[in-house]
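Only this structure's heavy atoms are used, side chains among them; waters, hydrogens and symmetry mates stay out. So that the names make sense, note that chain A is the first sequence line, chain B the second, and so on, each numbered from 1.
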There are 2 protein chains.
Amino acid sequence: MRLVVARCSVVYTGRLETRLAEATRLIMVKADGCVAIHADGGAYKPLNWMNAPNELLELADRWEVRNKKGEVMTIHLLEIISDSAHDLGTDPGLEKDGVEAHLQELLAEMPHVMEDGLTLLRREHYTALGPVDILCRDPQGRTVVIEVKRRGEIDGVEQLTRYLADLANDPTLGELRGMFVAQSIKPQARTLAESRGIVCVEVDYDELRGNKADDWTLFS
Amino acid sequence: MRLVVARCSVVYTGRLETRLAEATRLIMVKADGCVAIHADGGAYKPLNWMNAPNELLELADRWEVRNKKGEVMTIHLLEIISDSAHDLGTDPGLEKDGVEAHLQELLAEMPHVMEDGLTLLRREHYTALGPVDILCRDPQGRTVVIEVKRRGEIDGVEQLTRYLADLANDPTLGELRGMFVAQSIKPQARTLAESRGIVCVEVDYDELRGNKADDWTLFS
DNA sequence: AGGTGTATGTCGCAT
DNA sequence: ATGCGACGTACACCT
């Protein structure tokens, strides 16, 4: 990783056009070639950037970074204040716990927490429109199409509605119901869902993990 | 801006939980207090971060960064390889040209490029569901509800559909039509739109700017 | 403070 | 490659 602190101005031309007036900034060049221009504030997002793969051309007064899509970032260098490089090696990577995938796993393992009497048909059921998170059967023999979200917002309801419309063409599934499951569901999303006959269920991730631990204790 | 290159391991606990095994990384601390952990690759996004406002507690063997929401990032420092700081001052900021707002402006100025005979009613018409980009009237006296996107995807069609459903309750608008305008419209989005009777129009930003320049030349 | 929409979103996984 | 959905999305803007 190369770290250059310099007075510079920047022009980016690509998906849109941007200009940065002359100021002192950090220019970060990573081992994979990606370049980012950072100011001394404004969260983690750089002012300008070019992701790998790209070509970095170092000229006397400026750097030009180009990619295959025709995007160009030009960094006009006015004064270099610091220029250092470190070999960091490859990173072992980030391990995550608690994202939607885990929520979905837990719910597929214990569908009864969403509604009494549900049994799992399948998880990640691929349709032409995209993957349906969970398919269950209810005690009345209906197929329950379940969309799982960490946060239940209006987009998720639209998504589930599209799946329901599509799956209605599949005669093997029989009568369909929709169920929208999330750790919290926004009022607008709930209203929209219920107006379409979709049941809304809020679940607690920590409690689910607890239930799983209980099951474990119970059976071992 | 403070730049620390160090061998470290990191734990983040908040909206989810993440762990980073021991490795050499860049720790960037900006003047506003935000902290980011960068590996030597993977675009501009850091592996872990904490945005301002937060509290940075520097202990002998670790840094703890906390915010008001109860999120905590703990950086265990094993070896400091480099530690430097630079005062960058405040940045004059990024100037952008060519985002959706500009496209919308240009289209509101010359609605005829979307369809012959359209006249502007209003721009950024606020409804309970969100702002409708452009409202026009067509030569048949119908109100045209227009959603403008840089890239036309399925979400935009859903958005426009919600607006149309909502505006149907407003008797002052008369008969409604939907129009989906973008620099490019994906096939799925087009299919969905047309199945709902929504007209799709692709426009060229540079050409619009050209038209505007022509108008200028014409009248001055 | 909460809701909605934009983003040079990025990122990962599917076809 | 493109499509599609998730993301600790961040971020601006309006109610």
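Using a 4.0 Å heavy-atom distance criterion, M50(B) is classed as a base contact. Note on E147(B): only backbone sugar-phosphate atoms sit closer than 4.0 angstrom, heavy atoms only; bases stay farther off. Nucleic acid contact for L103(A): none, since no nucleic acid atom lies under 4.0 Å from a heavy atom of the residue.
A salt bridge links E158(A) to R196(A): at least one charged side-chain nitrogen sits closer than 4.0 Å to a carboxylate oxygen. The pair R62(A)-E64(A) meets the salt-bridge criterion, with a side-chain N (NZ, NE, NH1 or NH2) lying under 4.0 Å from an Asp/Glu carboxylate O. Between K96(A) and E17(B) there is no salt bridge, since no side-chain nitrogen of the basic residue lies less than 4.0 Å from a carboxylate oxygen of the acidic one. With salt bridges taken as basic N to acidic carboxylate O contacts below 4.0 Å, one links E22(B) and R7(B). Ionic pairing of R190(B) and E153(B) is not present here: no N-O contact between side-chain nitrogen and carboxylate oxygen is shorter than 4.0 angstrom. One finds no salt bridge joining R123(B) and E109(B) here, because no Lys/Arg side-chain nitrogen approaches an Asp/Glu carboxylate oxygen to under 4.0 Å. Ion pair R151(B)/E100(B) not flagged as a salt bridge, since none of the NZ, NE, NH1 or NH2 atoms sits closer than 4.0 Å to an Asp/Glu carboxylate oxygen. Taking 4.0 Å as the cut-off between side-chain N and carboxylate O, E55(A) and R66(A) do not count as a salt-bridged pair.
Distance OH (Y205(A)) to C1' (dG8(D)): 14 Å, rounded to an integer number of Å. Here the P atom of nucleotide dG8(D) and the CD atom of E17(B) are 13 Å apart, to the nearest Å. The NZ atom of K149(B) sits 7 Å away from the C1' atom of dT6(C) (whole-angstrom rounding). Going from atom CD1 of I154(A) over to atom P of dT6(C) covers 13 Å, rounded to whole Å. Regarding Q183(A), its CD atom lies at a distance of 14 Å from the P atom of dA6(D), rounded to whole Å. Rounded to an integer number of Å, the gap from CD of E153(A) to P of dG5(D) is 15 Å. Taking atom NZ of residue K68(A) and atom P of nucleotide dT2(D), one finds them 14 Å apart after rounding to whole Å. For the pair H102(B) NE2 and dT6(C) C1', the computed distance is 13 Å after rounding to whole Å.
Take D87(B) and apply the side chain to side chain contact (heavy atoms under 4.5 Å, CB included) test, not counting sequence neighbours, and it matches no residue. In terms of the side chain to side chain donor-acceptor pair (under 3.5 Å) criterion, S195(A) has no residue partners (sequence neighbours excluded). Applying the side chain to side chain donor-acceptor pair (under 3.5 Å) criterion to R2(B), with sequence neighbours excluded, gives E58(B), D83(B).
A donor-acceptor contact under 3.5 angstrom links the side chains of T18(B) and N48(B), judged on distance only.
Distance check on atom C1': dG8(D) versus dA14(C) gives 24 Å, rounded to whole Å. Comparing the same atom, C1', in dT8(C) and in dC14(D) gives a spacing of 25 Å after rounding to whole Å.
Only Q159(B), R162(B), Y163(B), listed by number, bring a heavy atom of residues 155-164 of chain B to less than 4.0 angstrom from any atom of DNA chain C. Contacts between residues 184-196 of chain B and DNA chain C, defined by a heavy-atom separation below 4.0 Å, involve no residue at all.
Counting only heavy atoms from C-beta on, E100(A) has its side chain closest to dA6(D) among dT8(C), dG5(D), dA6(D).
Taking the nucleotide of DNA chain C with the nearest heavy atom to each of P131(B) and N48(A), the more 5' of the two is matched to P131(B).
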Report, as a single string ordered 5' to 3', how protein heavy atoms within less than 4.0 Å touch nucleotides 10-15 of chain C: B base, S sugar-phosphate only, - not at all.
-> SS--S-
